[in-house]
There are 2 protein chains.
Amino acid sequence: MGKCEQCIIKQFNSLKSLTKDELVRISNCKTSYTIKKGTVIFEEGETLNGVYCVKDGICKLSKLSENGKDQIVKMVVKGQLLGQRSLVSEESSNLQATALNDMEVCFIPKSEIIADLQKNPKFSFDVLQDMAHDLKEADDIIVNMAQKSVKQRLAEALIYIHDNFGVNPDGTLSVLLSREDFANIVGTATESAIRVLSQFKKDGLISTIGKQIKVENLNGLKRIE
Amino acid sequence: MGKCEQCIIKQFNSLKSLTKDELVRISNCKTSYTIKKGTVIFEEGETLNGVYCVKDGICKLSKLSENGKDQIVKMVVKGQLLGQRSLVSEESSNLQATALNDMEVCFIPKSEIIADLQKNPKFSFDVLQDMAHDLKEADDIIVNMAQKSVKQRLAEALIYIHDNFGVNPDGTLSVLLSREDFANIVGTATESAIRVLSQFKKDGLISTIGKQIKVENLNGLKRIE
DNA sequence: AACAAAACATGACAATTATCATATTAAAAA
DNA sequence: TTTTTAATATGATAATTGTCATGTTTTGTT
C-alpha cells in the first residue's frame, strides 16, 4: 500500500501541512480502497468517523427529497478531502456522498487525525481556510439559486466544471455527467436541463459527442441572460 | 469602554476560548461603537481587516443583484461574530452586511487576533466548529431552495427565526423584519412573500400586530406542503 | 446480433412564481 | 396636523419552470 508521506495527492489538500512524523502515523492506520461508480460512500444521517482523501475519481455530495429529487450541493474531486466536517463536528452528515465514477480513496480514521487538528496549528488553519472557501462557494450558490434563471445557472455550472475540473484532449469536459446530474446541480427538472442544453447546442455555445459536452463558446455562456 | 475579559457576550462565541491574557490584549485594541439601523457595515468586494463581535442588535449578510434584489444569506445576531471568514481568508467579502436594527458592536482588528488563531488551538477549533455549522446551514438552504416551494421556505424561515432568535413577551417575533426582508430570505418577490403571509394569517398559522408577526401554530407551519 | 434497459429528447399542458398596476394603510417629515 | 413617502396588500396577467406522455437514441447484456 502507498505511503501518505510520499503521496503526491496530499499536495492538493490540507494534509500537506502535516509533519512527516504525523503523515507516517496516519499512513499506518489509513485504509486504501477503490469505489465503483454509483456506490454510496456515506448516507445522510450517518455519523462519519473519519475523512476520505480522494486519490482519483469524483463524487457528489447531495440530498434526496421525498419526491425523488437529489440536489447536488458540491462535487469532490481528485486531490480533495471528503467529509472534512466530520472531523470538527459531532453532528451526523446532512448529505449523502455518491461516486460519480470509479474512485480511489484513502480513509483516515478521525481518532488518528483529530489530535493533529488540535496540535498542529498550520494543519488546522489549512482546514479552516478550506472550510471558509467552501462556505463562500455555498453562499454564492444560494444567491444564484435565488437570483438567476435555470439557463444562467446551467451556463455557470458548465463554466465551473470547465474551469475547475478541466477538459480532455479533445476538449470535452473531463467530468462526465448525465443530464440528470446537471439538473441536480442546477436545481431543476431533468427535462428542463435537457431542453436548455439542447438550446445551448443550437446556439453554438456547446457541442456534444454522445453525452460528452464540449464548451465551444465560453464567453457566450458567460453572457447568457 | 467595557473590557472583553468581563464581557458576557463572549460566552456565546469563539472568543470564550481565548485566555484572560489574550482577552486583555484584544480589549485594548478593539473599537466599540453603535451602528444605526440600515447602515452598511461592509460592502461586497470590500476587504475586511477584522471581525465584529455583536453585542446587541441584528444584521443581514446579503448580495445585491443587478435587478435590485437583495438575497439574504445569513442573519447575525447578538452574541455572534460577524466577518469571521476574513480572519482566515485573504479574499474580499462576497456579501454585504447591513444593520437590520440599531446595533452595538466591537471591532477587533485582524492583526491582533490572527496570532491567537495560530497559537491557541482551542480558539481555532472553536472557529472551525462555527464555520462547519455555518456550512451545514448553507448546504441546507441550497437544498431547500431547490426542493421546496416558496410557501414551505417561508414557513421554515418563520420557524427558524422563532426558534433561533426568540419572541417578545407578547409572543411576536423579537426580530422585526419587513415583508421585503422575508422575501429576500426566502428568495422570492416581495409580493409573493406578502401573499403567502396573508394566506398563513387566514389559515390561523400566524397573526399580525402591525408589521409584527406572531406564530400561532408552529406545528401547522411545520406541516405546510 | 438481438434484446432490454437506461438515458436523452421533445411536445403539450399545468403549476408556480414574477411582474405590473393600483389601492390602502402606516410611518415619517414638513 | 397635514403632507409626503414608504410599506403593505391584492388583482390581473405574463413568464418561467415542472410534469406527464411519448418517441428516439444510446448503452449494456445475453
Side-chain angles (χ1 to χ4, degrees), chain A residues 36-38 65-71 98 100-102 144-158 172-173 175-203 206-214 224-225, chain B residues 36-38 65-71 98 100-102 144-155 157-158 172-173 176-203 206-214 224-225:
Chain A
K36 282 243 166 343
K37 177 179 175 176
S65 73
E66 309 84 53
N67 57 36
K69 273 194 189 157
D70 188 46
Q71 180 62 30
T98 316
L100 286 173
N101 50 34
D102 291 351
N144 284 346
M145 297 278 284
Q147 297 180 341
K148 298 190 177 171
S149 67
V150 167
K151 206 185 277 189
Q152 284 175 302
R153 270 142 54 205
L154 187 41
E156 288 186 18
L158 288 169
T172 57
L173 298 177
V175 173
L176 183 59
L177 298 170
S178 69
R179 301 295 193 254
E180 192 181 4
D181 289 329
F182 277 108
N184 292 339
I185 291 169
V186 167
T188 191
T190 305
E191 295 94 325
S192 297
I194 289 174
R195 257 181 262 270
V196 173
L197 286 174
S198 300
Q199 190 58 49
F200 285 173
K201 198 175 166 182
K202 271 181 199 157
D203 297 343
I206 61 170
S207 62
T208 56
I209 309 164
K211 65 193 289 186
Q212 304 252 25
I213 291 176
K214 184 175 174 180
I224 289 285
E225 298 263 321
Chain B
K36 282 242 165 345
K37 177 179 175 177
S65 73
E66 309 85 53
N67 59 35
K69 273 194 188 156
D70 189 46
Q71 179 62 30
T98 315
L100 286 173
N101 50 32
D102 292 350
N144 283 347
M145 297 278 284
Q147 296 180 341
K148 298 190 176 170
S149 67
V150 167
K151 206 185 277 187
Q152 283 176 303
R153 270 144 50 205
L154 187 41
L158 289 168
T172 56
L173 297 178
L176 182 58
L177 297 171
S178 68
R179 303 294 192 254
E180 193 181 4
D181 289 329
F182 278 108
N184 292 339
I185 291 168
V186 166
T188 190
T190 305
E191 296 94 322
S192 297
I194 289 174
R195 256 180 262 270
V196 173
L197 286 174
S198 300
Q199 190 58 50
F200 285 172
K201 198 174 166 182
K202 272 183 197 154
D203 298 344
I206 62 171
S207 62
T208 56
I209 310 165
K211 64 193 290 185
Q212 304 251 25
I213 292 176
K214 184 175 174 180
I224 289 286
E225 298 262 322

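Numbers restart at 1 for each chain; the letters A, B, ... are given by sequence-line order, proteins then strands. Only this structure's heavy atoms are used, side chains among them; waters, hydrogens and symmetry mates stay out.
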Of all residues at least two apart in sequence or in a different chain, which pass the side-chain contact (heavy atoms from CB on, under 4.5 Å) check with [X]?
{"X": "A/Thr172", "value": "A/Asn168, A/Asp170, A/Ile209, A/Gln212, A/Lys214"}
{"X": "B/Lys202", "value": "B/Gln199"}
{"X": "B/Ser198", "value": "B/Ile194"}
{"X": "A/Gln147", "value": "A/Val143, B/Ser65, B/Lys69, B/Gln71"}

Please enumerate all residues that pass side chain to side chain donor-acceptor pair (under 3.5 Å) together with [X], with sequence neighbours excluded.
{"X": "B/Glu191", "value": "none"}
{"X": "A/Asn144", "value": "A/Lys148, A/Glu156"}
{"X": "A/Lys201", "value": "A/Thr208"}

Between atom [atom1] in [X] and atom [atom2] in [N], what is the gap in whole Å?
{"X": "B/Ile194", "N": "C/dA18", "atom1": "CD1", "atom2": "C1'", "value": "13 Å"}
{"X": "A/Arg179", "N": "C/dT10", "atom1": "CZ", "atom2": "C1'", "value": "14 Å"}
{"X": "B/Leu154", "N": "C/dA18", "atom1": "CG", "atom2": "P", "value": "12 Å"}
{"X": "B/Gln152", "N": "C/dA15", "atom1": "CD", "atom2": "P", "value": "17 Å"}

Original post:
Should A/Phe182 and A/Leu158 count as side-chain neighbours, where that means a heavy-atom distance under 4.5 Å?
Top reply: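 Yes, at least one pair of side-chain atoms sits under 4.5 Å.
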Original post:
Do B/Val186 and B/Val196 have side-chain heavy atoms sitting under 4.5 Å apart?
Top reply: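 They are not in side-chain contact.
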**OP:** Would you mind listing every side-chain hydrogen bond (donor to acceptor under 3.5 Å, both in side chains) that reaches into residues 177-187 of chain B, with sequence neighbours excluded?
**Re:**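 Every side-chain hydrogen bond (donor to acceptor under 3.5 Å, both in side chains) pair that includes a residue of residues 177-187 of chain B, provided the two are not neighbours, is B/Ser178-B/Asp181.
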How would you label the contact of [X] with the nucleic acid (heavy atoms, under 4.0 Å): base, sugar-phosphate, or nothing?
{"X": "A/Ser149", "result": "sugar-phosphate"}
{"X": "B/Lys69", "result": "sugar-phosphate"}
{"X": "A/Lys201", "result": "nothing"}

**OP:** Considering just the side-chain nitrogens and oxygens of B/Ser192, establish if one lies under 4.0 Å of OP1 or OP2 belonging to C/dT16.
**Re:**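 No, no such contact exists.
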Original post:
Given axes from five pairs at either end, by how many degrees does the helix from C/dA1-D/dT30 to C/dA30-D/dT1 bend, rounded to 10°?
Top reply: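 Taking the rotation axis at each end, their angle is 50°.
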**OP:** Give me the first and last nucleotide of DNA chain D, going 5' to 3', that has any atom under 4.0 Å from a heavy atom of chain A.
**Re:**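 Boundary nucleotides touching chain A, in 5' to 3' order, are D/dT17 to D/dC20.
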**OP:** Going 5' to 3' through nucleotides 20-30 of chain C, assign each nucleotide B (protein heavy atom under 4.0 Å from a base atom), S (under 4.0 Å only from sugar-phosphate atoms) or - (no protein heavy atom that close).
**Re:** B----------
**OP:** Could you list the residues that satisfy salt bridge (charged side-chain N to carboxylate O under 4.0 Å, His left out) with A/Asp70, not counting sequence neighbours?
**Re:**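 Checked A/Asp70 against salt bridge (charged side-chain N to carboxylate O under 4.0 Å, His left out); matches are A/Lys60.
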Original post:
Relative to the 5' end of DNA chain D, which residue comes earlier, A/Arg153 or B/Glu180, by the nucleotide with the nearest heavy atom?
Top reply: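 Per heavy-atom nearest nucleotide, the more 5' residue is B/Glu180.
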